[in-house]
Amino acid sequence: MKLLLHNGQSTDVTSILRKVTPFHLLDTEVIETIIEKAEIREFPKGSYVFRQGDPSLQTLFVIVSGSAEVTVLNEQDREVVVGRRNELDFFGETVFLSEEPYSACVRAAEDLTCIVIPNEIFENILSHNADFTSAFSRILADRMRNVYFALITENEPGHTPIDQPMRKRVANLMSAPPVICPPEDEIQAIAEKMTSGGVSSVVVVDKDEKPLGIITEKDLVGKILARGDFLKRITASTIMSTKLLTVAPGAFYYEALLIMVRNKVKHLVVIDNNKLVGIVTIRDLMISRSTGALSIVNSIEEQTTIEGLAKASKEIDKVLQALVAENATSREILKIITEFFDRLTRKVIQVCEREMIREGHGAPPVAYSWITMGSSGRQEQFVKTDQDNGIIYENVPDDKEEEVAQYFHVFAEKVVEGLYQCGFAKCKGNVMASNPFWCRSFKNWREVITEWLNKLDSENVRMMTIFLDFRHVYGKKSLCDLLRNFVTRSFQKSSTVLLFLAKDDLNHRVPLNFFKQIITEKSKEHRNMVNLKGAACVHMVDCLRIFSLREGIVDTNTFSRLEQLAKRRVFSPDDTEMFASAYETLMMFRIRQSLYQLSIGKQPDNYINPNELSKKDKAALREAFLAVDRLQNLTGHAFYAFVG
């Protein structure tokens with residue numbers, strides 16, 4: 001087909017379409033089929049192709065000549081230019097496959113000529129051209145990512161970066177240059193440097209200023225004065241701590257916070273390209289932040305009773321609220337809140353261990369690993385969910401098994417009750433360490449896992465999906481690690497179980513209709529709503545878990561699993577970005593909805609009404625559902641073929 005352009009020149013439409021990404025991946029025959037069904041439209045400069053709020057035209061516009069501006073209406077109903085489309089570009093893709101109204105305007109910036117492709121021909125291309133579909137999915141992923149980042153970075157009026165300490169970089173918080181000393185410096189000189197510099201630590205360095213260790217005020221008091229050694233000639237190398245915890249200057253506040261919380265330290269050495277550039281302290285973080293996140297950590301650590309821990313645990317919700325207010329990403333939020341909940345759980349366990357001794361039960365008869373499962377096992381907790389936990393204890397002789405099992409049963413009941421008092425509801429399905437089924441010796445755990453694999457009925461598959469995200473929280477970690485290795489090896493050997501797990505997930509698909517719109521529930525209680533967890537998040541968790549089992553990946557976190565799978569080229573870079581952005585989006589909606597429900601006195605239930613969202617948020621949610629749908633499709637292809 002020849003086309004006469006505005007400038008009077010003639011051009012071949014087929015050759016133009018072949019230059020447009022991703023149409024360049026199609027055969028000439030397919031492109032000619034498109035041209036037969038397509039039409040050419042012209043738009044004079046200044047005219048609108050469509051306006052924000054107009055119903056979808058169900059067409060894709062490919063620019064042959066000219067250019068177009070993408071605009072949106074702000075709160076004052078003034079048009080703001082947010083993008084531009086030039087020759088060999090296309091637009092209209094965000095609602096191309098739906099009946100949703102346009103979320104932006106497109107206006108001809110100059111005389112515009114477009115190839116207009118109808119939806120029905122495009123759907124046929126998608127179903128028969130894998131490479132084209134993959135490339136088009138990447139473009140959709142880019143659109144989704146842009147919408148998502150707009151969603152999480154859009155500040156409320158009047159907010160400035162200084163109001164968002166969680167988003168600050170370590171470089172903005174650290175003391176630089178740090179106070180240093182050589183290893184041969186005596187303690188008197190070190191104390192003088194601390195005093196004159198007004199600091200609480202000195203970094204010990206070699207002649208090239210490479211960090212060797214750190215000396216804090218606590219070291220001077222605990223290692224010198226408390227022992228009465230202050231009259232002796234003692235050097236920096238004698239008392240310094242060589243276990244240096246470091247952080248990069250580009251790291252966020254929350255990353256420095258996590259390192260301090262996990263390792264119970266108050267100083268981090270800042271290293272850039274193997275060079276010492278500064279030091280950041282717990283005081284620096286506390287000055288930077290008013291919500292008291294670190295004081296909450298200290299409060300949890302100081303408690304010696306369940307009652308005290310229950311009171312301290314209520315403060316964690318304030319950290320969540322602050323993180324959301326500061327537009328932290330869902331991944332950042334999940335890391336921090338899970339760390340707080342882990343710390344709280346460990347303290348509850350320690351209190352219960354002491355209670356067991358006081359009550360005459362004694363210390364644990366053998367070493368054990370307290371494990372957590374479900375969202376906690378995946379390090380994806382953001383509110384206090386129902387408990388999913390268990391115990392793996394060391395093997396014991398048969399004649400001691402009943403006695404040891406009874407000890408851990410009493411102990412587990414105490415811990416479960418303690419966690420309940422701290423706000424973690426008891427599991428309605430009784431998936432808790434207080435249930436003997438979830439409290440076993442290492443040998444018995446291996447036996448029950450083998451039984452699950454050998455008898456693949458619906459009940460055993462259900463048990464596996466509950467258990468497979470287990471993670472160590474307290475006790476002897478090697479027990480958990482060894483069992484994880486056993487699980488990984490066992491599942492890798494069984495292609496049948498992977499098929500069963502895949503079928504179990506694919507029996508329930510993402511609720512999208514023929515036009516790729518989200519299908520909401522019709523029940524009276526949740527009419528016009530959708531369950532973000534059950535409808536989408538569960539499928540992403542299930543599918544990535546199955547791929548990870550096949551690949552022998554031991555990570556339980558969904559984002560980490562996805563990263564590991566991408567490194568092994570299980571997914572393309574485009575699909576990886578799409579899935580990561582989708583999960584970020586889904587989790588952020590869940591977090592915000594849960595906070596809202598808590599604020600009005602309701603229990604979070606993961607339900608949301610898409611029609612109550614802004615157009616931008618609704619578009620982001622739909623794109624996330626489309627990504628999960630694609631992941632389910634890839635899972636079906638991979639594992640049905642895998643079993644063969």
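Rounded to the nearest 0.5 angstrom, Gln593 CD and Phe589 CZ are separated by 10.0 Å. Note that the NZ atom of Lys384 and the CD1 atom of Ile316 stand 5.5 Å from one another [nearest 0.5 Å].
Side-chain contact check for Glu217 and Ser200: no donor-acceptor pair (N or O, by modelled atom type) lies under 3.5 Å. The closest side-chain donor-acceptor pair between Thr216 and Asp219 falls under 3.5 angstrom.
By the 4.5 Å heavy-atom criterion applied to side chains, Glu394 and Lys476 are counted as neighbours. Between Lys414 and Glu359, some side-chain heavy-atom pair lies under the 4.5 Å cut-off. Within the 4.5 Å cutoff, the side chain of Trp438 has no heavy atoms near those of the Asp388 side chain. Residues Met432 and Tyr420 form no side-chain contact, since every pair of their non-hydrogen atoms from C-beta on lies 4.5 Å or further apart. Side-chain contact check for Ser175 versus Val199: every heavy-atom pair is 4.5 Å or farther apart. Residues Met587 and Ile333 have side chains not in contact (no heavy-atom distance under 4.5 Å, counting atoms from C-beta outward). Residues Phe559 and Lys335 have side chains not in contact (no heavy-atom distance under 4.5 Å, counting atoms from C-beta outward). For the pair Tyr583 and Leu544, the minimum side-chain heavy-atom distance is 4.5 Å or more.
Side-chain atoms of Thr242 never come within 3.5 Å of backbone atoms of Gly213 as a donor-acceptor pair (strictly under, hydrogens ignored). Of the possible donor and acceptor atoms, none in the side chain of His409 sits under 3.5 Å from a partner among the backbone N and O of Asn435. Proximity of a side-chain donor or acceptor of Thr585 to a complementary backbone N or O of Ala620 within less than 3.5 Å is not detected. Judged purely by atom type and a 3.5 angstrom limit, Thr556 uses its side chain to pair as donor or acceptor with the backbone of Gly377. Although no hydrogens or angles enter the test, the distance criterion places no donor-acceptor pair under 3.5 Å between the side chain of Asp469 and the main chain of Arg378. The backbone N or O of Glu584 lies less than 3.5 Å from no partner atom in the side chain of Arg331, so there is not a single donor-acceptor pair. Side chain of Arg568 to main chain of Glu551: a donor-acceptor pair is present (N/O by atom type, distance under 3.5 Å, no hydrogens or angles). Checking side-chain atoms of Arg354 against main-chain N and O of Thr305 turns up no donor-acceptor pair under 3.5 Å. One N or O on the side chain of Tyr407 and one on the backbone of Gly362 form a donor-acceptor pair closer than 3.5 Å.
Aromatic ring centres of Phe571 and Phe547: separated by under 6.0 Å.
Between Asp542 and Arg545, at least one side-chain nitrogen of the basic residue sits less than 4.0 Å from a carboxylate oxygen of the acidic one, meeting the salt-bridge criterion.
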Query raised in the report: Lys243 and Val265: side-chain contact (heavy atoms from CB on, under 4.5 Å), yes or no, with the steps?
Result: CA-CA 11 Å; Lys243 186 182 178 182; Val265 298; over 6 Å; no
Report task. For the pair Glu380 and Arg561, evaluate salt bridge (Lys or Arg N to Asp or Glu O under 4.0 Å) and give the outcome as yes or no after the intermediate values. Result -> CA-CA 13 Å; Glu380 294 172 3; Arg561 281 171 168 167; over 6 Å; no
Query raised in the report: Run the ring pair (Phe, Tyr, Trp, His ring centres under 6.0 Å) check on Phe467 and Trp445 step by step: do they pass?
Result: CA-CA 11 Å; Phe467 175 73; Trp445 270 115; 4.9 Å; yes
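The minimum heavy-atom distance linking Lys193 with Ile180 is given by the pair NZ-O, 3.1 Å. In terms of heavy atoms, Val179 sits closest to Ser201 at CB-O, 4.3 Å. For Leu276 against Glu209, the heavy-atom pair with the smallest separation is CB-O, 4.1 Å. Ala433 approaches Asn389 most closely through the heavy-atom pair N-OD1, 2.8 Å. For the residue pair Ile259 and Thr246, the shortest heavy atom distance occurs at CD1-O, 3.8 Å. Considering every non-hydrogen atom in both Ala582 and Ala627, the closest pair reads CB-CB, 3.5 Å.
The neighbour count for Asn274 CG, taken as heavy atoms of other residues, nucleotides or ligands under 6.0 Å away, does not exceed 12.
Put simply, the residue from Asp342, Thr372, Thr338, Asn557 that forms a side chain to side chain donor-acceptor pair (under 3.5 Å) with Arg471 is Asp342.
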